[in-house]
Amino acid sequence: MWVELWVCVMAVEQTLVLIKPDGLKKSLTGNILTRLSETRLEIAAARIVRVTRELAEEHYTFLKGKPFFEELIGYIMGEFHERRKVMALVYHGEGAIQKVREICGATNPEEADSVSIRGAYGRITTSGVYENVMHASANPEEAEREIKLWFTPDEIVYHIYPVKDGELKNVKTRLWA
Ligand code: UDP
Ligand code: MG
């Protein structure tokens with residue numbers, strides 16, 4: 001008798017997670033990281049970032065032209081939550097994109113599964129913007145574009161995308177005094 005054994009092999013991926021300013025203001029960082037640890041994925045990078053207009057507009061470049069775009073940029077820059085920062089993380093492992101999106105929940109917090117992060121903690125503002133607590137990349141192409149936007153190769157502990165040697169000349173930086 002033949003027994004067919006189907007083994008589902010998931011691709012090893014990486015995904016960008018942002019804990020948005022409302023997530024920080026509502027003290028949800030620990031909660032979100034605990035929920036994400038259920039996935040058994042590895043954290044490959046983490047940083048707290050002050051979001052410039054340039055970074056915000058580049059991150060949401062595909063939404064330029066949407067009626068909510070300007071408010072979305074203000075939201076991710078922290079203009080409405082007295083928190084001018086977000087927490088950015090890279091998660092790495094099998095099926096990372098789908099596993100994190102599942103815990104994150106649907107874009108619209110009213111439609112998101114109520115046990116998902118967005119379903120439990122998100123809200124829609126009176127002007128219609130979805131304040132949905134966290135961001136998660138939607139597919140491998142988006143993940144690569146976003147991770148390269150938020151992190152340099154040296155800030156990520158795994159070798160995930162090809163790198164090249166380069167040299168920075170005449171770059172001013174701040175050093176410890
Ligand atoms: N957004 C919104 N209204 C919409 C669609 C999107 O306020 O009708 C905001 C929301 O904060 C969302 C972000 O824009 O998370 C990016 O939208 P996208 O369609 O990429 O959804 P996501 O990938 O975040 O689920
Ligand atoms: Mg998206």
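Whatever order the structure lists ligands and atoms in, that order sets their numbers, starting from 1. Keep in mind that this is a model prediction, so the values were computed, not measured.
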Colleague: In the protein, what heavy atom is nearest to atom 23 (O) of ligand 1, and what distance, to one decimal place, separates them?
Modeller: Arg101 NH1, 2.9 Å
Colleague: May I ask which of Leu18, Thr107, Ile124 has a heavy atom nearer to atom 22 (P) of ligand 1 than the others do?
Modeller: Thr107
Colleague: What protein heavy atom sits nearest atom 1 (N) of ligand 1, and how far away is it?
Modeller: Phe68 CE1, 3.6 Å
Colleague: Between the candidates Tyr60, Phe62, Tyr130, which shows the shortest non-hydrogen contact distance to atom 3 (N) of ligand 1?
Modeller: Tyr130
Colleague: Give me the nearest non-hydrogen protein atom to atom 17 (O) of ligand 1 as residue plus atom name, then the distance to 0.1 Å.
Modeller: Leu63 CD1, 3.5 Å
Colleague: Atom CH2 in Trp150, atom OG in Ser137: separation rounded to 0.5 Å?
Modeller: 11.0 Å
Colleague: Examine Tyr75 against ligand 1 and note whether any of their N/O atoms are separated by less than 3.5 Å.
Modeller: no
Colleague: Could you tell me whether Lys20 and ligand 1 have an N or O pair separated by under 3.5 Å?
Modeller: yes
Colleague: Please confirm whether the backbone N or O of Asn108 pairs with a side-chain atom of Arg118, one donor and one acceptor, at under 3.5 Å?
Modeller: no
Colleague: Are Lys20 and Tyr75 in a cation-pi setup, meaning NZ or CZ lies under 6.0 angstrom from the ring centre and within 45 degrees of the ring axis?
Modeller: no
Colleague: Side-chain contact, heavy-atom cut-off 4.5 Å: Ile48 with Val86?
Modeller: no
Colleague: Under 4.0 Å, heavy atoms only, figure out whether ligand 1 is touched by the backbone of Met134, its side chain, both or neither.
Modeller: neither
Colleague: Give the residue and atom name of whichever protein heavy atom lies nearest to atom 12 (C) of ligand 1, and the separation in Å to one decimal.
Modeller: Asn132 ND2, 3.6 Å
Colleague: Would a distance-only check, ignoring hydrogens and angles, find a side-chain to backbone donor-acceptor pair under 3.5 Å from Glu71 to Phe68?
Modeller: no
Colleague: I'd like to check Thr39 versus Glu94 (side-chain heavy atoms, cut-off strictly below 4.5 Å). Are they in contact?
Modeller: no
Colleague: Donor-acceptor pair, Glu13 side chain versus Ile97 backbone, under 3.5 Å?
Modeller: yes
Colleague: For atom 24 (O) of ligand 1, which protein heavy atom lies nearest, and how many Å away is it?
Modeller: Arg118 NH2, 2.9 Å
Colleague: Considering heavy atoms of the protein only, find what lies nearest to atom 9 (C) of ligand 1 and give residue, atom and distance to 0.1 Å.
Modeller: Leu72 CD1, 3.7 Å
